[in-house]
There are 2 protein chains.
Amino acid sequence: MLSKKSQYAFKALTYLADKFDEGPVLISEIAKKKRIPLKFLENILLELKKAGILESKKGKGGGYFLKKDPSKINVADVIRLVNGPIAMLPCVSLYFYERCKNCDEKSCGLHDMMIEVRDASLQILENRTLKDLLV
Amino acid sequence: MLSKKSQYAFKALTYLADKFDEGPVLISEIAKKKRIPLKFLENILLELKKAGILESKKGKGGGYFLKKDPSKINVADVIRLVNGPIAMLPCVSLYFYERCKNCDEKSCGLHDMMIEVRDASLQILENRTLKDLLV
DNA sequence: CTAAAAGTCCACCGAGTTGGTAGGGTAATC
DNA sequence: GATTACCCTACCAACTCGGTGGACTTTTAG
């Protein structure tokens, strides 16, 4: 399951994608409209900014906004950034790989199955952007 | 990601599947061969017994063993039991469904995408049993 | 030019869960 | 009586989900 943080991140990002090119949006506005705890959201947006997905402006008329076009922001990337691995096991993760203790990957049925699951998920997630999430 | 608990559960179950019909296997043997913390494994096996997947026998010659044939034990069921939902969001889970706050499921792009991911994963997991994990 | 207002930025705190370690006691079986 | 599952309690470290308080920066009003 995606963490609450990830779920909030997606709600905030789709909200900002919807308002792309309308200038900065207040944290408080996003929090209110999307029912996200304000202070928690603050941290999430800051993290997304540090990762280069968002940009912010301080002072009056400030707020957060997408740094790139919604069609350029990949869903899989956002998940990896906020939530971590997409794979169900460390030993089948592409970006967070860790070797399995006491388990030969060449002869591990679980390993093989989880690679299938990973690829099936990535097939979908890698080919979707924030733009696709808007209806 | 699957929890450590789930990973240990699968290691233990495949070990027991491999020794199916060889009589009870000691917790300590599984722990040693699969490098699982003994006390942690104790709890996991007990939980699997209570769920009807394993059976146990006390005293000398005792231990744990599969209650059903490995080909009758579904991978998806094991994951749901030990790890929880397979879906990435509560609002797209079949067995652990929870409605999304402030989000109309009929017009939520995230919702639709996550259903696709869920179905792709289930397509694989629902059609695999413990027997398939043995090589 | 200065001060207040508007916002982000940031450090820390607290409860709850996860993943352990350690110990011991009870009940069943050989 | 030895063996083994079963079932407590207590403790610890790390992480997640949230909240609090306040410092910092930019804009605007006077």
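Just the heavy atoms: all of them, side chains too, but no hydrogens, waters or symmetry mates, feed the values below.
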In whole angstroms, how far is the [atom2] atom of [N] from the [atom1] atom of [X]?
X: A/Lys57; N: D/dC24; atom1: NZ; atom2: P; value: 22 Å
X: B/Glu47; N: C/dT18; atom1: CD; atom2: C1'; value: 13 Å
X: B/Met1; N: C/dT18; atom1: CE; atom2: C1'; value: 13 Å
X: A/Ile30; N: C/dG7; atom1: CD1; atom2: P; value: 12 Å
X: A/Leu38; N: D/dG22; atom1: CG; atom2: P; value: 17 Å
X: A/Phe40; N: C/dG14; atom1: CZ; atom2: P; value: 18 Å
X: B/Glu29; N: D/dA5; atom1: CD; atom2: C1'; value: 15 Å
X: A/Ile27; N: D/dT26; atom1: CD1; atom2: P; value: 16 Å

Closer than 4.0 angstrom, basic N to acidic O: yes or no for A/Glu42 and A/Lys49?
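Here A/Glu42 does not pair with A/Lys49 in a salt bridge, since their nearest N and O are not under 4.0 Å apart.
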Salt bridge or not for B/Asp69 and B/Lys72, using N-O below 4.0 Å?
no
In this structure, would A/Leu133 and A/Ile79 fall into the same cluster of hydrophobic residues linked by side-chain contacts under 4.5 Å?
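Same cluster: A/Leu133 reaches A/Ile79 through Ile, Leu, Val, Met, Phe, Trp or Tyr contacts under 4.5 Å.
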Per [X] side chain, nearest of listed nucleotides [options]:
X: A/Lys50; options: C/dC10, C/dC30, D/dC17; value: C/dC10
X: A/Lys5; options: C/dT21, D/dC17, C/dC9; value: D/dC17
X: B/Lys4; options: C/dC9, C/dG19, D/dT4; value: C/dG19
X: B/Lys58; options: C/dC10, C/dA28, C/dG20; value: C/dA28
X: A/Tyr64; options: D/dC17, C/dC9, C/dC30; value: C/dC9
X: A/Glu42; options: C/dG20, C/dC30, C/dC10; value: C/dC10
X: A/Lys60; options: C/dC9, D/dT27, D/dG18; value: D/dT27
X: A/Leu46; options: C/dG20, D/dG18, C/dC10; value: C/dC10
X: B/Ser3; options: D/dT4, C/dG19, D/dT27; value: C/dG19

Spell out, as yes or no, whether a donor-acceptor pair under 3.5 Å connects the side chain of A/Asp18 to the backbone of A/Thr14.
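No, because the side chain of A/Asp18 does not come within donor-acceptor range (under 3.5 Å) of the backbone of A/Thr14.
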Is it the case that the side chain of B/Asn83 and the backbone of B/Ser6 share a donor-acceptor pair, with hydrogens and angles ignored and the cut-off at 3.5 Å?
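No; zero donor-acceptor contacts below 3.5 Å.
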Looking only at N and O atoms, is any donor in the side chain of A/Lys39 or the base of C/dG7 less than 3.5 Å from an acceptor on the other one?
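Result: no qualifying N/O pair found.
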Using the side-chain contact (heavy atoms from CB on, under 4.5 Å) rule, take B/Tyr8 and B/Lys34 through it: C-alpha gap first, then chi angles, then the decisive distance, then the call.
CA-CA 8 Å; B/Tyr8 291 152; B/Lys34 290 299 188 175; over 6 Å; no
For D/dT4, does OP1 or OP2 lie under 4.0 Å from any side-chain N or O of B/Ser28?
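Looking at the OP1 and OP2 atoms of D/dT4, neither is under 4.0 Å from any side-chain N or O of B/Ser28.
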Name the residue closer to the 5' end of DNA chain C, choosing between B/Leu2 and A/Asn43 according to the nucleotide with the nearest heavy atom.
A/Asn43
Across the strands shown, which category fits A/Leu26 at heavy-atom distances under 4.0 angstrom: base, sugar-phosphate, nothing?
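Sugar-phosphate, backbone atoms only, no base.
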I want to confirm an ordering. Mapping B/Gly62 and A/Tyr8 to their closest nucleotides on DNA chain D, which one lands closer to the 5' end?
B/Gly62
